[in-house]
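Each chain gets a letter, A, B and so on, in the order its sequence line appears, and its residues count up from 1. Since the structure is predicted, the reported quantities are computational estimates derived from the model, not experimental observations.
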2 protein chains.
Amino acid sequence: MANTSSRTLRLLSLLQTHRYWPGEELATRLGVSVRTLRRDVDRLRELGYPVEANRGVDGGYQLAAGAALPPLVVDDDEAVAIAVGMQAATQGAIPGIEESAIRALTKVVQVMPPRLRRQVDALRAVTVPSGFGQYAGPPPLEPEVLIVVAQACRDSERIEFGYTGHGAAATERHVEPHRLVPLGRRWYLVAYDLTRHDWRTFRMDRLTSPRRTGARFAPRKLPGEDAAAFVRAGLKERQAGYAVEVVVHATAEVVRARLERWATIEEIDAGSCLVRMNTDSLDWPAMALGSIGAEFEVRSPPELITMLAEWSARFGRAV
Amino acid sequence: MANTSSRTLRLLSLLQTHRYWPGEELATRLGVSVRTLRRDVDRLRELGYPVEANRGVDGGYQLAAGAALPPLVVDDDEAVAIAVGMQAATQGAIPGIEESAIRALTKVVQVMPPRLRRQVDALRAVTVPSGFGQYAGPPPLEPEVLIVVAQACRDSERIEFGYTGHGAAATERHVEPHRLVPLGRRWYLVAYDLTRHDWRTFRMDRLTSPRRTGARFAPRKLPGEDAAAFVRAGLKERQAGYAVEVVVHATAEVVRARLERWATIEEIDAGSCLVRMNTDSLDWPAMALGSIGAEFEVRSPPELITMLAEWSARFGRAV
DNA sequence: GCCCTCCGGTCAGTTTCTGTCCTAAATTTG
DNA sequence: CAAATTTAGGACAGAAACTGACCGGAGGGC
């Protein structure tokens, strides 16, 4: 405990939790002389962490932004927040960061004491998943499943799991996991199937109770170039999804203010514009159209027309 | 660079990025003998980080979950993911973790190199905010504002900002920030106003361009017990919000499957149930009711009835 | 039973660390 | 402008540690 490296770590932690510290206080907290504290600060600086110092009255030390990221010293609550947030992110709440999020998530979860994992589980139960419309979109994925598989990928460890293929019966698989690929709003696992002796793509939401076997393997080379390309190539079933096209009788400006983030909007004339969006679920285009508060006509898909007619009738009966 | 503590940190980092390492490889990477590596591992264990070791063929070291959280060694992408995720979390995407999220966020942002901050900003632009219906709910809050104020709270640093009170003119404030309180779906700042010489509560979404003055202060004691209580007491304007109550003619089971997470469902009889939810925006109850696909009657609020009638008419004309 | 890997003791030489001086430099305050 | 405060950093000596080399042991997998 009286170690130098431990102290350096504690110093880093102090600098992260409270930005500004006078030298004397830091020295007292760490139980060393001020001179040694200065040396510790020097050490941190040599390691690339930019500790800034102010002289004079009310001087002190603070950690600035540097070229490299220092290790994050987080407390329990913060770790839970990160874990829960990263779980949400892997579910597509924030497009584009799914992969980084799953890596961060495995790191946090790996070192998390059990009591914190329980907190995370408890919080997950009350969490609003990603966007709305999610529940009608892809089936929600157990974060637990994702984490186990991600860890196995990272550590080159064989896993077994149950898999229910497209309309097929449930089978038991034994594979060497290679990469996890987020595509569209789904996760896919690229793995070498040890029973079929070939590379396969598995949809993560069809995969149940993965178990780590503890057996490690030397990673094979994937035949294609890229795991993502491999998944795309193997995707026979096209993304279902709907391409929605609607003419809204309102100025493009008004429509943009509401839908800019979720749809592309083209102005037709001063009083109307064309709204396009791609979506798995028709529920939220309906909601979007309702909430704009303007007249509109649906160009496609026909399913949306049917659905709106049905909603209209039902809403009419309800009020 | 050849330091012991630096090496210990690097070892910790290695153990976090790739779970399983043979001792020899670790030793080579760290540039020390195997014996010294073993001593380093011992050091980590003494610091409370449980490094497990496997003997025999294919043996190696791995980091397990322990009692304490080790410093998280994250790479650039992961840091960006954490920052973006925590920003979303502070906006109420995941109820209950706002405060921890803002603390984690300030920690990450504080040490983040500028190039990564730019990435975070770029990602924020394309981010779908928290839940849908958000855009009709509370005005979105600039994460930048939240971060600046949170840092100032943490570091006991005076700030200045513009504030547009409830129906009042814009004023310039100079305060000693005390605490940030998430309440409902909004953030409030409890601070000592240096012009008015009294404690005040500020709604964060009405606060513009906060500037850190660099002047630190000795924290005063808040008169009441709790910052959260102080905010609640000062809240004259009640949360607008709607309490939605709807009878749905479907089995409770079916409705639960769809709405369990966002609403409370009470069974009335075998064929109908009562759905309650609280929301700022009526759009998404409408969408939820539409997507269930069952008949229903609205009990309250009257605004929902009006809105549904209007939607019904408009949908009818559209198809 | 054999091989591979981690485990930990001992020892000597070297390095580093620490506290106590000291002076210098920067910055705020009066 | 001077005083006070606070970081910066050199010198030094003693204590503490770290390191590599060597060793026999122990546990796991084939």
Just the rounded figure in Å: distance from [atom2] of [N] to [atom1] of [X].
X     : N      : atom1 : atom2 : answer
A:L11 : D:dT7  : CG    : P     : 13 Å
B:L30 : D:dG20 : CG    : P     : 11 Å
A:D42 : C:dT18 : CG    : P     : 12 Å
B:E46 : C:dC7  : CD    : P     : 14 Å
B:W21 : C:dC6  : CH2   : C1'   : 18 Å
B:D40 : C:dG8  : CG    : P     : 14 Å
B:E24 : D:dG20 : CD    : P     : 13 Å

Quick check, are the ring centers of B:Y192 and B:W199 under 6.0 angstrom apart?
yes
Quick check on the 6.0 Å ring-centre criterion: do B:F161 and B:F202 meet it?
yes
Do the side-chain N and O atoms of [X] and [Y] include a donor-acceptor pair separated by under 3.5 angstrom?
X     : Y     : value
A:S33 : A:T36 : yes
B:R10 : B:T8  : no
A:Y20 : A:N54 : yes

Distance below 4.0 Å between [X] side-chain N/O and [N] OP1 or OP2:
X     : N      : answer
B:R7  : D:dA17 : no
B:T4  : D:dA17 : no
B:R43 : D:dT19 : yes
B:Y61 : C:dC7  : yes

Any chance you could list the contact pattern along nucleotides 19-30 of chain C? Use B for base contacts, S for sugar-phosphate-only contacts and - for none, protein heavy atoms under 4.0 Å, 5' to 3'.
BB----BBB---
So that I can tick it off, tell me whether A:R39 and A:E46 are bridged by a salt bridge, with the cut-off set at under 4.0 angstrom between side-chain N and carboxylate O.
no
All heavy atoms of B:A101 vs all of B:A89, minimum pair found to be CB-CB, 3.7 Å
